Amino acid sequence: MPEPYQTALIFGLSGLACVIAGTWIVVNARRFRRRAVRVPGRIVELSSFSGGGSSTLYRPVVAFTTLDGTPVEAKSVFASFPPVGFVGEAVYVLYDPADPGKVRVDRLSGRGGLHGVLFAAFGLIFVAVGVLIAVLGG
């Protein structure tokens, strides 16, 4: 297989994988929001870790009380840069009533859907680049 087609295939398959993963993230985020309960809470910690290279990602740890009065402190599934808030900030928390340890901060960047949309969008760009390489390189 000629080199341009190999490159096109790599871009196309990588992009397709990103589109599939992004779609899964969006669907999973929507399912979570449907069953989640929204309560007031507070960011008590920002757990940081390397996102690769020189970037640092922040995962909020939130404290809240469930509807049945149980106090919970849990780390969000999603990390971001910049962080979704600052330590001590009051936020709304979405939690799974079947497992209150599964939480997300109820903000655009904290719910997960945005992550999925961005991932899928980058995937579509990679697919488009792969197609362009195949068309122009052949």
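Not measured: the values here are computed from a predicted model.
Nearest heavy atoms, Leu124 versus Val19: N-CG2, 3.6 Å. Considering every non-hydrogen atom in both Leu57 and Ala79, the closest pair reads CB-CB, 4.0 Å. The minimum heavy-atom distance linking Phe86 with Ile43 is given by the pair O-CB, 3.5 Å. The two atoms that bring Gly41 and Phe64 nearest to each other are CA-CB, 4.0 Å, heavy atoms only. The minimum heavy-atom distance linking Ala74 with Pro100 is given by the pair CB-O, 4.4 Å. Taking every heavy atom of both residues into account, Asn28 and Arg104 meet most closely at ND2-NH2, 3.9 Å.
Separating the CD atom in Glu3 from the CD1 atom in Ile133 is a distance of 10.0 Å, to the nearest 0.5 Å. Taking CZ of Phe81 as the reference point, atom OG of Ser55 lies at 8.5 Å (rounded to 0.5 Å). Annotation: the span from Ser14 atom OG to Leu9 atom CG amounts to 9.0 Å, rounded to 0.5 Å.
Considering only heavy atoms from C-beta on, Pro40 comes within 4.5 Å of Tyr92 through its side chain.
Cluster membership check: Val105 shares its hydrophobic cluster with Phe49, using side-chain heavy-atom separations under 4.5 Å among Ile, Leu, Val, Met, Phe, Trp and Tyr. Taken together through direct or relayed side-chain contacts under 4.5 Å among Ile, Leu, Val, Met, Phe, Trp and Tyr, Phe119 and Trp24 form parts of separate hydrophobic clusters. Val103 and Leu46 fall within the same hydrophobic cluster, defined by Ile, Leu, Val, Met, Phe, Trp and Tyr side-chain heavy atoms under 4.5 Å apart, directly or through other members. Ile125 and Ile20 fall into different hydrophobic clusters, where Ile, Leu, Val, Met, Phe, Trp and Tyr side chains are chained together by heavy-atom contacts under 4.5 Å. Val84 and Val44 are not part of a single hydrophobic cluster, where members link through side-chain heavy atoms under 4.5 Å apart.
Atom CZ of Arg35 has more than 12 heavy atoms from other residues, nucleotides or ligands within 6.0 Å.
Considering Leu67, Asp106, Val93 as possible partners of Arg38, the one that fulfils the side-chain contact (heavy atoms from CB on, under 4.5 Å) test is Asp106.
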Working for side-chain contact (heavy atoms from CB on, under 4.5 Å), residues Thr65 and Val39 | CA-CA 7 Å; Thr65 303; Val39 294; over 6 Å; no
